[in-house]
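First comes the structure, then the notes that go with it.
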Amino acid sequence: MREMEEKIRAEGEVLPGGILKVGSFLNQQIDTDFLHAMGQEIARLYAGCGVTRVLTIEASGIAIAAAAAMELGVPMLFAKKHKTSNVDGAVYATVVHSFTHGTDYTVVVSRDYLLPGDRVLLVDDFLANGAALRGLVDLVRQAGANVAGAAIAIEKAFQGGGDALRADGIRVESLAVIESMEGGTITFRR
Ligand code: 5GP
């Protein structure tokens, strides 16, 4: 998505440790016209794929997931971060390693909202090592549902998570794929 690359070039900030800051349009302030365009693009990519539900993790995936779900005309569900690993049987739970915080956390989703037979589109803001997406895949499989694919706003290909998921047979569509941020210069995959 050309517009995503232009936004990243104009407003993105490369931080130490391979972190890209996009607080001006995605992670704190949200450019709502652009959010709408992201939702439309994700819906175009997954049109005709039989998606019945969109799933993300709170909090930064919620806006994009909602925009995509609105365009696809399906419900949006977000997995909640849980403070402890003690969870009851009313939820599906999985442990995710946070790339940005360097810690593990548990995410849960109610068994009432993720159903066997669902075709689930996974959505997130960033894809780095792939831990967040793999956690969502695990939740979907626990429910006996199917993964239709993933749609990501910004993939950092140099961390390898996206290509590893593709190699595992999961369709991963990213609106921008960053090949390198070496020396603060952003290079996109072509
Ligand atoms: P992964 O689990 O693929 O390693 O990392 C994805 C998650 O970490 C995303 O949900 C996102 O919240 C966060 N993340 C990873 N890299 C970045 C980054 O460069 N910038 C921001 N803002 N978040 C990131």
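Every number for a ligand or one of its atoms is a count from 1 in the order of the listing. Bear in mind the structure is a predicted one, so any value in this text is a computation, not a measurement. Sequential numbering from 1 along the given sequence is applied to the chain's residues.
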Need the ligand 1 atom indices (1-based, order shown) with element for anything under 4.0 Å from a heavy-atom of D125. 9 (C), 10 (O), 11 (C), 12 (O)
Above 12 or not: heavy atoms from other molecules or residues under 6.0 Å from NZ of K81? yes
Charged N to carboxylate O under 4.0 angstrom, K21 versus E11? no
Test of proximity, N129 against ligand 1: N or O pairs below 3.5 Å: yes
Are R166 and D163 within salt-bridge range, i.e. N to O under 4.0 Å? yes
Which protein non-hydrogen atom lies closest to atom 15 (C) of ligand 1, naming both residue and atom, and how far is it? F99 CD2, 3.5 Å
Suppose we measure from atom 5 (O) of ligand 1 to each protein heavy atom; which comes out shortest, and what is that distance? A128 CB, 3.7 Å
Consider only side-chain N and O atoms of D125 and N27, and report whether a donor and an acceptor are under 3.5 Å apart. yes
Looking at R190 and E5, is there a salt bridge between them, counting it only when a charged N and a carboxylate O are closer than 4.0 Å? yes
Nearest-contact summary for atom 13 (C) of ligand 1 - protein heavy atom, Å: T100 CG2, 3.9 Å
Would G161 count as a contact of ligand 1 if the rule is a heavy atom under 4.0 Å away? no
Would the number of heavy atoms belonging to other residues, nucleotides or ligands and lying under 6.0 Å from OH of Y113 be above 12? no
Heavy-atom nearest neighbour in the protein, as seen from atom 2 (O) of ligand 1, with distance rounded to 0.1 Å: A132 N, 2.8 Å
Which of the ligand 1 atoms, numbered from 1, are nearer than 4.0 Å to a heavy atom of A131: 1 (P), 2 (O), 3 (O)
To check your reading of the model: name the closest protein heavy atom to atom 7 (C) of ligand 1, its residue, and the distance in Å. F126 O, 4.2 Å
Numbered in order shown, the ligand 1 atoms found under 4.0 Å of a heavy atom of L20 are 18 (C), 19 (O), 20 (N), 21 (C), 22 (N)
Residue E58 excluded, over 12 heavy atoms near CD under 6.0 Å: yes
State whether the shortest distance between N or O atoms of N27 and N or O atoms of ligand 1 falls below 3.5 angstrom. yes
Please could you name the atoms of ligand 1 that S60 approaches to less than 4.0 Å, counting only its heavy atoms? 12 (O)
Is D124 close to ligand 1, meaning an N/O of one under 3.5 Å from an N/O of the other? yes
Nearest neighbour in protein (non-hydrogen) for atom 16 (N) of ligand 1: K156 NZ, 2.9 Å
